[in-house]
Amino acid sequence: RAGTTKGKDTCFDTLYTNAKAAGLNVGAYYYSYALTVDEAKKDAENMLTWIQGKLFEYPVYFDYEDKSQQALSADLSKNICLAFMDRLAGAGYLTGMYTGAYFSEQLPMSTICAKYEFWVAHYYDYTYQSKNDIYCKTSGMYQYTDRNYVNGAGPFDGNVCYKDYPTIVKKYGFNGYVSEVLE
């Protein structure tokens, strides 16, 4: 997480540097409390400042799931999400939306996902197999648990990725990379 509407995460730069040094592919997300399109535009400018000069192999996501946003109309929510993602896409980032399954059912996801990537969270039974047939068709990534352990450490979120984002990002020159596609 790069940060939120409330500010940049104090550990973002260190975690980014350490992940890159370890040879990991990296992405980022921005947790938004935006209740208006103008607030989402400010969020996008914050994010662009925080990620400037960094390379990401995964999309840069707009995390839209705060309880304060649940009372907003589907149309306003769509416009908030698109305002953030349009700005990042215009700056050359492969971007998308992250939200929970419940929230995604309240939003016009077909409109949002027609332009941008989708990463959904749904802790149905804390395994990815039970919902895999659904989410492999509707999202680029699926977060299936918040109870994942690695070598006894955790709990961590567990995700499955359905797209080869590192290849897509590098091939088409997103997120600071130079396109490998010949004109």
Side-chain angles (χ1 to χ4, degrees), residues 1-17 19-20 24-66 68-69 72 74-100 103-104 106-121 135 138-143 157 159 161-181:
R1 182 175 82 172
T4 74
T5 302
K6 297 176 182 181
K8 183 179 178 181
D9 278 3
T10 57
C11 59
F12 173 60
D13 291 325
T14 300
L15 292 173
Y16 172 85
T17 299
K20 288 297 206 171
L24 298 175
N25 290 320
V26 177
Y29 72 93
Y30 186 104
Y31 188 95
S32 179
Y33 296 95
L35 300 176
T36 68
V37 168
D38 285 341
E39 289 174 358
K41 289 178 180 178
K42 289 177 188 172
D43 284 348
E45 295 307 320
N46 287 338
M47 185 62 153
L48 287 170
T49 299
W50 301 339
I51 63 176
Q52 184 176 7
K54 294 175 171 61
L55 294 173
F56 297 97
E57 295 76 25
Y58 282 87
V60 177
Y61 285 98
F62 185 61
D63 185 342
Y64 189 80
E65 61 178 326
D66 194 70
S68 66
Q69 296 158 331
L72 301 177
D75 193 53
L76 176 56
S77 291
K78 174 194 75 173
N79 291 335
I80 288 169
C81 296
L82 291 176
F84 182 95
M85 292 183 287
D86 286 347
R87 178 66 179 104
L88 265 71
Y93 290 91
L94 180 61
T95 188
M97 181 176 164
Y98 168 90
T99 196
F103 216 160
S104 73
Q106 314 307 311
L107 299 171
M109 294 309 296
S110 61
T111 302
I112 294 168
C113 294
K115 290 177 75 174
Y116 299 115
E117 299 300 314
F118 182 44
W119 176 18
V120 64
Y135 293 128
T138 61
S139 63
M141 291 197 303
Y142 166 39
Q143 186 174 98
D157 293 341
N159 296 276
C161 188
Y162 300 113
K163 295 183 178 183
D164 183 358
Y165 285 119
T167 297
I168 293 167
V169 165
K170 292 173 185 175
K171 181 176 181 179
Y172 295 103
F174 292 112
N175 303 354
Y177 282 94
V178 176
S179 176
E180 296 172 356
V181 176

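What you see is a predicted model; the values in this text were computed from it and never measured. Heavy-atom basis, side chains included; hydrogens, waters and symmetry copies ignored.
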Rounded to the nearest 0.5 Å, how far apart are CD1 of Ile80 and CE of Met97? 10.0 Å
Calculate, to the nearest 0.5 Å, the distance between atoms CD1 and CZ belonging to Ile51 and Phe12 respectively. 7.0 Å
Is there a donor-acceptor contact under 3.5 Å from the side chain of Glu57 to the main chain of Val26? yes
With Phe118 via ring pair (Phe, Tyr, Trp, His ring centres under 6.0 Å) - residues at least two apart: none
To the nearest 0.5 Å, what is the distance between CG (Leu94) and OH (Tyr61)? 7.0 Å
Flag yes if more than 12 heavy atoms outside Tyr162 fall under 6.0 Å of its OH atom; otherwise flag no. yes
Straight-line distance of Lys20 NZ to Thr17 OG1, nearest 0.5 Å: 10.0 Å
Check: Thr5 main-chain N/O paired with Asn46 side-chain donor or acceptor under 3.5 Å: no
Check this for me, if you would: do Lys170 and Glu180 make a salt bridge, where the nitrogen-to-carboxylate-oxygen distance has to be below 4.0 angstrom? no
Other residues, nucleotides, ligands: >12 heavy atoms within 6.0 Å of Lys54 NZ: yes
Applying ring pair (Phe, Tyr, Trp, His ring centres under 6.0 Å) to Phe174 and not counting sequence neighbours gives none
Compute the centroid of each ring, for Tyr31 and then for Tyr98, and state whether the two points are separated by less than 6.0 Å. no
Could you list all the side chain to side chain donor-acceptor pair (under 3.5 Å) pairs where at least one residue sits in residues 107-116, not counting sequence neighbours? Asp86-Lys115, Asp86-Tyr116
Using the six-membered ring wherever Trp is involved, compare the ring planes of Tyr135 and Tyr142 and label them parallel, tilted or perpendicular (cut-offs 30° and 60°). tilted
Judged by atom type as modelled, is there a donor-acceptor pair below 3.5 Å linking the side chain of Gln69 to the main-chain atoms of Ser32? yes
Distance-minimising heavy-atom pair for Ser77 and Tyr64: OG-OH, 2.8 Å
Could you grab the distance from atom CG of Leu72 to atom CG of Asp66, nearest 0.5 Å is fine? 10.0 Å
Please verify the inter-ring angle class for Phe84 with Tyr30; under 30° counts as parallel, over 60° as perpendicular, anything in between as tilted. tilted
Test side-chain hydrogen bond (donor to acceptor under 3.5 Å, both in side chains) on Glu39 and Tyr33 and set out the steps. CA-CA 8 Å; Glu39 289 174 358; Tyr33 296 95; over 6 Å; no
